[in-house]
Amino acid sequence: MTTSQHQASGAEKSADSGEKKIESQEHPLDSSNTSNDDIAKTDTEPAPSIWRRISDTIYWVPPNCRWDPDEPPRFSMALNILFAFAGAFTVANLYYNHPILNILARDFNVSYDKVAQIPTLAQAGYAIGLFFLCPLGDLLKRRPFVLSLVLFTATMSIGLCLTQSLEGFSTIQFITGVTTVTPQLMLPLVGDLAPPNKRAAALSVVVSGFVMGILVARLLSGILTNYTSWRNVYWMSVGLQYTIFASLWAFMPDYPSSNKRLNYFKMLWSMPVMMTKHPILVQACLISLFTSATFTSFWTVLTFLLADAPYNYNSVTIGLFALIGIGTMVCTPLYARHIIDRFVPWFSVILGMTWGLIGICVGAYTGTFTVAGPIIQAFFLDLGMQTAQIANRSSIYAVEPKGRNRVNTCFMVFTFFGQLMGTSVGAQLYARGGWIGSQSFSVGCIGIAFLITFARGPFEKGWIGWTGGLHIRKKHIDSADGHTAEARNPLRRMTTKEKGAEAAKAAESADIEKNAMKEEDQRTAERAMEDLGHSGNDDGKDIRDDSNALPASGEDGIARSDKQHG
């Protein structure tokens with residue numbers, strides 16, 4: 001190659017490199033232009049509104065709460081207590097007004113009969129929310145649904161602190177009553193998350209929280225109103241509601257919905273259908289109807305008894321009777337763990353109603369001359385009614401694994417009407433027959449509940465009868481009703497025992513598959529040997545046949561050859 005050729009080649013290379021440099025210089029310019037265009041486009045897009053940012057913040061799920069179907073969140077005691085705390089101070093919204101109705105009547109300048117509409121409207125709103133909102137727990141994701149209800153209730157409660165009219169107070173109390181159904185969403189969720197053999201103990205923690213909310217609401221309301229203003233009671237309620245919201249936002253896992261394709265109206269219709277399909281559900285509802293009447297009848301007329309002779313207690317002293325429920329709250333989880341979880345629900349219901357009947361009889365016929373009677377009645381009645389309800393809930397949650405919110409709604413509707421019956425009838429009987437007359441009504445209610453319970457045996461699957469005999473201990477400890485093994489809910493993480501059983505089952509399946517493969521290989525080898533043997537025999541036969549066609553050796557061969565030539 002000549003010098004001129006080398007120079008030409010170098011010029012071409014330099015030209016190519018120059019073009020590449022120009023391209024490389026143009027590339028960043030193009031990219032910067034592109035990014036500028038993107039920035040311009042971004043600038044032209046409207047910024048999200050303040051409400052959108054608030055919504056995104058409310059429904060954002062922290063990493064520790066996000067759902068992993070392969071490893072569901074662990075249902076710990078801390079989460080169980082959180083649900084109990086949320087239920088306690090949510091249901092308390094319905095009972096803050098009970099001890100301060102006379103103060104509200106004075107401040108709003110109305111009569112007692114007009115101010116009595118406040119608790120009535122609160123309970124009516126709760127009944128509406130119970131029937132129309134609680135079933136949505138089977139349709140919607142629980143975390144955003146519960147957070148929305150709690151946030152709405154807390155914000156609406158501010159109006160209770162500020163309103164200056166009875167009409168405004170009553171209206172807001174009705175609305176907050178509708179959305180105060182968070183406790184009834186917590187119970188079915190606990191039924192989904194707790195193992196069947198520990199379900200009663202887990203439910204007892206939440207139920208104890210409900211009772212604490214009812215009792216503490218009356219106690220705190222009376223004390224705060226006595227020493228400060230009744231409006232401080234509702235400011236306290238607002239603070240507690242926002243605390244519940246923040247706690248659930250930070251720690252409540254984002255559980256998926258149980259039924260994504262369920263129609264709302266079909267879902268409502270399915271509740272009456274359930275009552276025609278499951279005898280155990282109907283039995284539990286009727287038992288709760290009559291036993292809950294004894295509870296409200298007692299607490300309604302107890303104030304009348306203690307305020308009159310021979311006791312003449314003031315409102316603060318009467319309010320302290322609510323502290324008796326603390327002993328029940330402590331005993332109930334231990335009782336549920338060692339009794340309800342080990343025996344069939346039928347036996348636990350019988351035992352609970354027995355405790356209630358003992359307490360009612362002692363209080364009814366000694367309460368007119370000694371205060372020890374009502375104290376004993378309060379303890380045993382609370383213990384008996386709570387344990388009976390926990391046992392019934394543990395049993396009925398097994399009948400519709402994907403419809404536990406609807407099952408709970410059916411149960412609570414009957415419970416609610418039983419409470420109304422106890423309040424109304426108990427007050428009327430006290431006016432006519434005094435303390436003994438009202439509590440004798442409670443004895444009759446327990447008697448009817450006993451008859452309903454004994455109409456079906458613990459293992460009966462029909463409407464009436466004792467098929468299956470009488471065994472008070474569970475046949476299957478890992479089941480809620482004692483005789484039906486439940487499939488694991490996908491929301492619940494497997495226990496150590498279930499993991500061991502799953503591993504053993506997988507190992508057994510692997511061994512079976514391995515043995516099947518060995519047998520198949522052995523049969524294949526045997527078939528191959530048989531085919532090879534048949535092939536060898538056929539080849540030998542062909543050789544023998546062909547040997548007749550070959551020329552023989554020796555004398556026979558010579559003789560045969562001579563014959564052919566001759």
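- Here the options are Cys445, Ser442, Ser297, Ser440, the test is side chain to side chain contact (heavy atoms under 4.5 Å, CB included), and the partner is Ile360; only Ser442 passes.
- A search for salt bridge (charged side-chain N to carboxylate O under 4.0 Å, His left out) contacts involving Lys114 returns nothing, not counting sequence neighbours.
- Looking at residues two or more places apart in sequence or on another chain, you find a side-chain contact (heavy atoms from CB on, under 4.5 Å) between Ile175 and Phe152, Met156, Thr171.
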Would you check, one step at a time, whether the test side-chain contact (heavy atoms from CB on, under 4.5 Å) holds for Asp254 with Tyr59? CA-CA 10 Å; Asp254 189 25; Tyr59 297 116; over 6 Å; no
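- For Arg231, the CZ atom is densely surrounded, since the number of other residues' heavy atoms within 6.0 Å is greater than 12.
- Annotation for Met412 and Gln184: closest pair CG-OE1, 3.2 Å, computed over non-hydrogen atoms.
- A donor-acceptor contact under 3.5 angstrom links the side chains of Asn408 and Tyr397, judged on distance only.
- Scanning for salt bridge (charged side-chain N to carboxylate O under 4.0 Å, His left out) contacts around Asp138 gives Arg406, with sequence neighbours left out.
- Distance check: Ile436 CD1 to Leu429 CG gives 13.0 Å after rounding to the nearest 0.5 Å.
- Distance check: Leu189 CG to Arg142 CZ gives 5.0 Å after rounding to the nearest 0.5 Å.
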Counting only pairs under 3.5 Å, give me each side-chain donor-acceptor contact of residues 416-426, with atom names and distances, residues two or more places apart or in other chains.
| from | atom 1 | to | atom 2 | distance (Å) |
| --- | --- | --- | --- | --- |
| Thr423 | OG1 | Gln419 | O | 3.0 |

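- A 6.0 Å sphere centred on CZ of Arg66 holds more than 12 heavy atoms belonging to other residues, nucleotides or ligands.
- Dense packing is recorded around CH2 of Trp60, with more than 12 heavy atoms of other residues, nucleotides or ligands lying under 6.0 Å away.
- A tilted orientation is assigned to the rings of Phe304 and Tyr430, their planes being inclined by 30° to 60°.
- For residues 351-361, the side-chain hydrogen bond (donor to acceptor under 3.5 Å, both in side chains) pairs, not counting sequence neighbours, are Tyr335-Trp355.
- At most 12 heavy atoms of other shown residues, nucleotides or ligands fall within 6.0 angstrom of atom CG in Asn109.
- Checked by atom type, the side-chain pair Ser157/Thr176 shows no donor-acceptor distance below 3.5 Å.
- Sequence neighbours left out, the pairs with a member in residues 84-94 that pass side-chain hydrogen bond (donor to acceptor under 3.5 Å, both in side chains) are Asn93-Ser237.
- Going from atom CE of Met274 over to atom CG of Leu281 covers 8.0 Å, rounded to the nearest 0.5 Å.
- The minimum heavy-atom distance between Gln386 and Thr332, with the atom names listed, is OE1-OG1, 3.5 Å.
- Note that OG of Ser170 and CG of Leu121 are 5.5 Å apart. Values are rounded to the nearest 0.5 Å.
- Counting all heavy atoms, side chain and backbone alike, Leu94 lies closest to Gly177 at CD2-CA, 3.9 Å.
- For Tyr234, there are no side-chain hydrogen bond (donor to acceptor under 3.5 Å, both in side chains) partners, not counting sequence neighbours.
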Identify all side-chain donor-acceptor contacts of residues 207-222 below 3.5 Å with residues at least two apart in sequence or on another chain.
| from | atom 1 | to | atom 2 | distance (Å) |
| --- | --- | --- | --- | --- |
| Ser208 | OG | Ser204 | O | 2.7 |
| Ser221 | OG | Tyr96 | O | 2.6 |

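- Taking both residues in full, the closest heavy atoms of Ala449 and Ile287 are given as O-CG1, 4.2 Å, listed atom of the first, atom of the second, then distance.
- To the nearest 0.5 Å, atom OG1 of residue Thr179 and atom CZ of residue Phe174 are 10.5 Å apart.
- Under the rule for a salt bridge (charged side-chain N to carboxylate O under 4.0 Å, His left out), Arg393 has no partner lying at least two apart in sequence or in another chain.
- In this view, Tyr242 and Thr155 satisfy the side-chain hydrogen bond (donor to acceptor under 3.5 Å, both in side chains) rule, not counting sequence neighbours.
- In this structure, Phe321 and Ile375 approach most closely via the heavy-atom pair CE2-CG1, 3.8 Å.
- Here salt bridge (charged side-chain N to carboxylate O under 4.0 Å, His left out) pairs that include residues 272-289, with residues two or more places apart or in two chains, are Lys277-Glu400.
- Residues meeting the side-chain hydrogen bond (donor to acceptor under 3.5 Å, both in side chains) test with Tyr311, sequence neighbours left out: none.
- Donor-acceptor pairing under 3.5 Å is lacking for the side chains of Thr180 and Thr153.
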